[in-house]
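Residue numbers start from 1 in every chain, and the chains themselves are labelled A, B, ... in the order their sequence lines are given, proteins ahead of strands. No experiment lies behind these values; they were computed from the predicted model shown.
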Amino acid sequence: MQIPRAVGLALWLLLLSALPAAASGLAFIINSGGASISLVDMSSLKEMGRIPLLREPHHCALSPDGKSLLVGDTVGNEMLFFDPLTAALQKRMPVPDPYQLGFSPNGKFLVVNGLARNQVDVYNAASMQLLKRFPIASMPSHLDYAPDSSRVFVSLQGSDSMVAIDLNRLTVAWTAKVGKTPAGVLWHNGKVLVADMGTDYVAVVDPADGHVTERIHTGKGAHNLFVSPDHKVIWVNNRVGGTTTSLDASTLAPIRSYAIAGGPDDIAFAPDGKLWITRRFAEKVAVLDPKTGEYETVDVGRSPHGLFLSPKGIAAASVAAR
Amino acid sequence: MGDAFDLAAGWLQEHLLLPLLYLLGLMQWEDVSYGWALFAVYGAVQVAITFAVCMPLERWRPVERWPDTRAVTVDVLYTVISRVGVLPLFTFVLFYHAQVALNGFLADHGFVPPTLERLLPFLLDQPVLTFIIYAIILDCADYWRHRLSHMFRWWWALHSLHHAQRQMTFWSDDRNHVLDDLIAALWFGAIALAIGVPPLQFPLLVLLLRFLESLSHANARVWFGTAGERLLISPRFHRAHHGLLAAGQRSCNYGAVLPWWDMLFGTADFGRDYVATGDPTGEEALASGSYFAQQWAGLRRFAAAFARAGRSPIG
């Protein structure tokens, strides 16, 4: 029996969509110690070029309209806007100490943590106008929002605390002790999770008042945490232990631990299901296959920290040639 | 080459410093500790390269030969403390919060340190050229710091420790009183604030500059020719600065890497040929005492000079 051409094509497309997507595209790896961005071809895992920045960039955030990738250069006191598809520089803007940054889910606010200057700045995301500066001691580090954008939660690495800022009233809602040297923050199922780097656990925090309700042991120096795109797994990087731990997102029970040497820090998820993990002290990115536990490495610049994957990105020739 | 040093610093951070910080409950210092690890590794490499190049030079064409070199041993200790160990750690910890506080205060009042790259955007794609320009600016700043340290009686009381060495070798570059080092760190901290200088962005070039500074102190008959002497400071040129007749305000050749500032400001002397070094006006403890005896003598002289008077040029 001959299969009609149209049906065959439809079957082929169906088969293709069922397979994991190949990870083509462009990866932005921010080298905080090298003051640059490594542009990596996601297919070949090769660095194609390096964009020089001013002093010490750390983190990035995609604008709500998806048209700009914002990269904060802390010591350079500068925010850089890149085209996430081509890595072309769109504009530069003076911003004091932009260490960690993130847009609110409703796209109205951009919160910028100044870790070195002990300040949390709330910007109007559309106009980039500073709405309010909160001088907060000490070392405002990571952040995440409530899903309704009513509050932002910021870990205070130097004072073992977390602060919740009411974004409607632009006031501090509460400050509470959450464990030693808190770093990564993640809103999850009505709770705030914070990785306490001075310990081996992730603290589960009540967003209403900041009290710790539970501690999930993951590994020494629990530093940063991310939820998978399907919201089924939470990934925790343990800086001192040199491991990445997966947690069941519904129960928070540990599933598996992966050895990722070299100070694992930030994670980004590729369409093929692999995790891209920056290894701060190894000048490399690990591309981890969570099914096998094996990882490939990508050579980048000194102290890679934040990263962004742009599956449809192709570096502009002028950028890639650098 | 830089990658290997970076990875060594990373190893130090991952396997030694992080576990220690974790144990002591000081994980908030992890970024600072990585900075120090880089500093220490590059410092150790500086010492190794300087030793590998300068030692054969000193053996091959020495200016002087000494039967007893115990005084040089103290200078080795100064070098290790200054380039690898305690001093960078102390500087990092002490200045980190001070710089952050000051930067924050200035930023709140609308001052963000200007950078060359913002003034001249084409430099963004030219990191090596940018660094060279910064290095020239910093070398000029160091010329004036050094010249002033000879002018003020209280400052000279500290800096004379550096000049007291009669057996000057490549190890003598770091032979300084800790207060003198502290003033230098403050001086460069202020300059960095003014021009937004990159701290550890170009460690290999910093390594090269520090090597040239050490080489200029070498006990070696080395000069760079008539033209070369006017481009880079040689052991011959810098030795004139350490000469017996050049201690204190009478000195010349204050530059560290480039002789241009001495030529520009009228303090260059290209005529002196491998003179004897030391400070005949200083006390013996500064020349031949132990590390602590030298530091104590410097402190005593500093307190006495400071008590005597503010700005009084020495003769």
Exercise. Taking A/Gly263, A/Ser141, A/Gly262, A/Gly241 one by one, which has the highest count of heavy-atom pairs under 4.5 Å against chain B?
Worked result: A/Gly262
Exercise. Which bit of A/Ala261 is near chain B, if near means a heavy-atom gap under 4.5 Å: side chain, backbone, both or neither?
Worked result: both
Exercise. Would you call the rings of B/Tyr143 and B/Tyr254 parallel, tilted or perpendicular, where under 30° means parallel and over 60° means perpendicular?
Worked result: perpendicular
For this session: Report the C-alpha separation of A/Arg92 and B/Glu117 in whole Å, then their side-chain angles, then the decisive distance to 0.1 Å, and conclude whether the salt bridge (Lys or Arg N to Asp or Glu O under 4.0 Å) test is met.
Result: CA-CA 12 Å; A/Arg92 321 172 77 99; B/Glu117 298 96 316; over 6 Å; no
Problem set entry | Residue among A/Lys220, A/Arg279, A/Lys180 with most heavy-atom pairs under 4.5 Å to chain B | A/Lys220
Exercise. Which region of A/Arg280, side chain (C-beta onward) or backbone (N, CA, C, O), has a non-hydrogen atom less than 4.5 Å from a non-hydrogen atom of chain B, or is it both or neither?
Worked result: both
For this session: Give me the ring orientation class for B/Phe265 and B/Trp144: parallel if the planes are under 30° apart, tilted from 30 to 60°, perpendicular past 60°.
Result: perpendicular
Seminar exercise, completed: Most heavy-atom pairs under 4.5 Å with chain B, out of A/Gly221, A/Gly242, A/Gly158, belong to A/Gly221
Problem set entry | Any side-chain heavy-atom pair of A/Phe134 and A/Ile165 under 4.5 Å | yes
For this session: Report yes if some heavy atom in the side chain of A/Asn237 is under 4.5 Å from a heavy atom in the side chain of A/Ile260; otherwise report no.
Result: no
Exercise. Contact part of A/His223 toward chain B, heavy-atom cut-off under 4.5 Å: side chain, backbone, both or neither?
Worked result: side chain
For this session: Below 4.5 Å from any heavy atom of chain B, which atoms of A/Asp200 appear? Answer side chain, backbone, both or neither.
Result: both
For this session: Return the set of residues passing side chain to side chain contact (heavy atoms under 4.5 Å, CB included) with A/Thr181 (not counting sequence neighbours), or none when no residue passes.
Result: A/Gln157, A/Asp160, A/Met197, B/Met27, B/Gln28
